[in-house]
Peer 1: 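Here you go, one structure.
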Amino acid sequence: MMPSRDLVSWNTVIAGNAQSGMCGDALAMLRDMGRANLKPDSISWNSIIAGCVQNGLFDEGLTLFRKMVMAKVKPGSVSLSSITPACAHLTTLRLGKQLHGYITRFGFEDNVLIASSLVDMYAKCGYIMIARRIFNKMKLHDTVSWTAMVMGYALHGHAHDAISLFKQMETEGLKPNSVAFLAVLTACNHAGLVDEAWHYFNSMRNDYGLSPHLEHYASVADLLGRAGRLKEAYDFICKMPAPSSSIWSTLLAACRVHKDVEMAENVANKVFRIDPSNVGAYVLLSNTYSSAKRWKDAAKVRITMKSKGIVKEAACSWIEVKNKLHAFVAGDKSHPCYEKIKTALEELVEQMEKEGYVPDTSEVLHDVDEEYKKSLLFNHSERLAIAFGIISTPEGATICITKNIRVCNDCHTAIKFISKIVRREIIVRDNSRFHHFKDGKCSCQDYW
DNA sequence: CTAGGGTTAG
């Protein structure tokens, strides 16, 4: 049956609203359709679901997907390729697996769009091997599916796999676009491959006529910084068009890692000139002073922050144990097992010290301001989460933590140590990548 | 001119 002209008109307006980010309006229209005696069809639903997912409203997208199924509208290939990315972003593997089951059962596996979002979903949920298996089963690869796989390897620190796939894509005559380049640069970044990154950064323009975006510059600048080539990174940023405050912040993070106070002061000023109330820059500057054991200066920055009324929102880590999510905020004592966790953590720190592991800067507390001490003392939500994982998961289980900031060098040392003494693999995911810890070693290179 | 996949780090 041909859809009525009315339905098409409604759908057009709904799609228009959803695409421009007004999902609430689009949803209201869906309800109004009933009043106009029209039943929303799969296109009406898909438009809104896709609108939500594309605008970062992943939970809303999933809720609507469920509502669509309850309204007895069958999810088709478009629904599936729109909703799978929501699982990828939320790293909800359980839901993603259910979708995968549905996809297999109804024979949507060969759809390039669906398959590439599955590749992405498994990679983002920590299952790089499954991602690769799905990728291999695909009959045809386009730029997007190659890119999803390259980015997956980059995310897991498998830079050489990522680069060789990228090369293979080029060999097969597919033109990498700017996202594909971002993926390969991310891979180089995560493995500290400076020369390779330069090669690809230049290749963008020279071989494919693509001008690098802010993200490409940011990736190279971050890589140079992490590799300790701070001056080169600084010059690189100065030469690029319109550097943002966040790109300077990346370099500031590198200054903290490499304990370069002078450069940090200089770079922090660059950030403050663009964005005077940048909380992260104050914290990074303060931590750089701490890393160089200049406690008084570190405290001074904290005091300046306080006097200006700048408050840093607390860092938060999560751990999933038996399908339940536990969140830990720095300094938080509200978890029901807090006492047990604290004991586990103390034992751990004690053992670390005994074996000569370098303690965190936050634990090297000398004659500093009491206020400052407090601000640092339990500043490691991820370690609370790890300690909780240790007391609550059986021997051999995998601990998976996600965090809203990257796994820093201090934390990295701690987890390596933990993986050794608990004799189990610990998978930690921060914003940028997965770190697989086992027997005191990490899959990612140690250079930050 | 109705709907769909892959974007740095912090």
Side-chain angles (χ1 to χ4, degrees), chain A residues 3 5 7-19 26 40-51 53-54 68 75-86 88-89 108 111-121 123-124 131 135 138 141-152 154-155 169 176-190 197 212-223 225-226 244-254 256 271 278-281 283-284 312-313 315 403-408 430-433 448:
Chain A
R5 284 161 71 163
L7 183 58
V8 174
S9 314
W10 278 85
N11 283 348
T12 307
V13 183
I14 288 175
N17 274 315
Q19 273 165 10
D41 67 355
S42 66
I43 296 179
S44 332
W45 285 100
N46 289 344
S47 303
I48 304 183
I49 292 169
V53 176
Q54 282 159 15
M68 177 181 86
S77 64
V78 178
S79 326
L80 294 164
S81 54
S82 318
I83 201 64
T84 312
H89 283 275
F108 290 121
N111 182 311
V112 196
L113 286 84
I114 295 177
S116 33
S117 61
L118 276 178
V119 167
D120 181 57
M121 193 269 296
K124 287 211 171 88
F135 180 83
M138 293 172 72
H141 295 128
D142 61 8
T143 311
V144 175
S145 46
W146 282 102
T147 305
M149 198 62 234
V150 172
M151 191 60 101
L155 192 63
M169 170 173 64
N177 58 18
S178 76
V179 182
F181 272 105
L182 193 55
V184 78
L185 285 173
T186 304
C188 297
N189 184 329
H190 287 181
H213 301 175
L214 192 65
E215 295 92 327
H216 303 96
Y217 282 100
S219 182
V220 173
D222 184 48
L223 170 54
R226 287 197 206 220
S244 61
S245 64
S246 66
I247 204 162
W248 284 117
S249 300
T250 306
L251 182 54
L252 191 51
R256 182 241 176 275
V271 178
N278 192 309
V279 187
V283 175
L284 279 171
K312 190 195 181 304
E313 53 181 294
K403 195 176 189 298
N404 59 355
I405 59 169
R406 76 177 166 199
V407 174
C408 64
D430 64 13
N431 251 9
S432 62
R433 60 185 120 156
W448 51 84

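Just so it is clear, the values below take in all heavy atoms, side chains as well, and ignore hydrogens, waters and symmetry mates. Just so it is clear: chains get the letters A, B, ... in the order the sequence lines come, proteins before strands, and each one is counted from 1. Not measured: the values here are computed from a predicted model.
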Peer 1: Base, sugar-phosphate, or nothing: which does A/Ser178 touch, judged by heavy atoms less than 4.0 Å apart?
Peer 2: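 No contact.
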Peer 1: B/dG4 base to A/Ser82 side chain: any donor-acceptor pair below 3.5 Å?
Peer 2: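 Looking at the base of B/dG4, it does not pair with any donor or acceptor on the side chain of A/Ser82 (distance under 3.5 Å).
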Peer 1: Side chains of A/Asp41 and A/Ser44 only: does a donor on one sit below 3.5 Å from an acceptor on the other?
Peer 2: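 Indeed, the side chains of A/Asp41 and A/Ser44 share at least one donor-acceptor pair under 3.5 Å.
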Peer 1: So A/Ser244 and A/Leu214, do their side chains get closer than 4.5 Å, heavy atoms only?
Peer 2: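 Yes, their side chains come closer than 4.5 Å.
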Peer 1: Just the rounded figure in Å: distance from P of B/dG4 to CG of A/Leu80.
Peer 2: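 Interatomic distance, CG of A/Leu80 to P of B/dG4: 14 Å.
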Peer 1: Quick one: on DNA chain B, does A/Asn111 or A/His89 contact a more 5' nucleotide (nearest heavy atom)?
Peer 2: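 Closest to the 5' end, via its nearest nucleotide, is A/Asn111.
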Peer 1: Contact class for A/Val112 (heavy atom, under 4.0 Å): base, sugar-phosphate, or nothing?
Peer 2: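 Since a base atom lies under 4.0 Å of A/Val112, the category is base.
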Peer 1: Just to be sure I understand the rule, does A/Ser249 reach a base, reach only the sugar-phosphate, or reach nothing, if contact means heavy atoms closer than 4.0 Å?
Peer 2: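 Result for A/Ser249 = nothing.
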Peer 1: State which of B/dG5, B/dT8, B/dA3 makes the closest approach to the side chain of A/Ser42.
Peer 2: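 That would be B/dA3.
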Peer 1: Parallel, tilted or perpendicular: which describes the rings of A/Phe135 and A/Trp146, with under 30° parallel and over 60° perpendicular?
Peer 2: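 It falls in the perpendicular class, over 60°.
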Peer 1: With a 4.0 Å cut-off on heavy atoms, is A/Ala50 in touch with a base, just the backbone sugar-phosphate, or nothing at all?
Peer 2: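 Sugar-phosphate contact only - A/Ala50 comes under 4.0 Å of backbone atoms but never of a base.
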Peer 1: Of the options B/dT2, B/dT7, B/dA9, whose atoms approach the side-chain atoms of A/Val179 most closely?
Peer 2: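 Ranking B/dT2, B/dT7, B/dA9 by closest atom to the A/Val179 side chain puts B/dT7 first.
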Peer 1: Does B/dT7 have its OP1 or OP2 closer than 4.0 Å to a side-chain nitrogen or oxygen of A/Lys124?
Peer 2: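 Result: yes.
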Peer 1: Can you figure out which of B/dA9, B/dG4, B/dG6 approaches the side chain of A/Pro85 most closely?
Peer 2: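 Output: B/dG6.
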Peer 1: In this structure, how many angstroms lie between the C1' atom of B/dG4 and the CE atom of A/Met121, rounded?
Peer 2: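 In whole Å, B/dG4 C1' and A/Met121 CE are 16 Å from each other.
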Peer 1: Do any N or O atoms from the side chain of A/Asn46 and from the backbone of A/Ser42 form a donor-acceptor pair under 3.5 angstrom?
Peer 2: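 Here the side-chain-to-backbone pair exists.
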Peer 1: Please confirm whether the shortest side-chain N or O distance from A/His216 to OP1 or OP2 of B/dT7 is below 4.0 Å.
Peer 2: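 No, A/His216 has no side-chain N/O under 4.0 Å of OP1/OP2 on B/dT7.
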Peer 1: Taking 4.0 Å as the cut-off, does a side-chain nitrogen or oxygen of A/Gln54 come that near to OP1 or OP2 on B/dG5?
Peer 2: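 Checking B/dG5 against A/Gln54, a side-chain N or O does come within under 4.0 Å of OP1 or OP2.
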Peer 1: Residues in ring-ring contact (aromatic ring centres under 6.0 Å, His included) with A/Trp248, at least two apart?
Peer 2: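 Only A/Tyr234 meet the ring-ring contact (aromatic ring centres under 6.0 Å, His included) criterion with A/Trp248.
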Peer 1: Look at all strands and tell whether A/Ser44 reaches a base, only sugar-phosphate, or nothing, counting heavy atoms closer than 4.0 Å.
Peer 2: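 The residue A/Ser44 makes no contact with any strand.
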Peer 1: Please confirm whether any donor atom in the side chain of A/Ser117 sits under 3.5 Å from an acceptor in the base of B/dG5, or the reverse.
Peer 2: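 For A/Ser117, whose side chain was compared with the base of B/dG5, there is no donor-acceptor pair (under 3.5 Å).
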Peer 1: So, under a plain 3.5 Å distance rule, would you say the side chain of A/Ser116 forms a donor-acceptor pair with the base of B/dG5?
Peer 2: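 Indeed there is one.
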Peer 1: The side chain of A/Thr186 is closest to which nucleotide in this list: B/dG6, B/dA9, B/dA3?
Peer 2: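 Of the candidates, B/dA9 comes closest.
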Peer 1: Measuring from the side chain of A/Asp120 (C-beta onward, heavy atoms only), which nucleotide among B/dG6, B/dA3, B/dA9 has the closest atom?
Peer 2: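 The nucleotide sitting nearest to the side chain is B/dG6.
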Peer 1: Expressed in angstrom and rounded to an integer, what is the separation of A/Leu118 atom CG from B/dG4 atom P?
Peer 2: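 After rounding, the gap between these two atoms is 18 Å.
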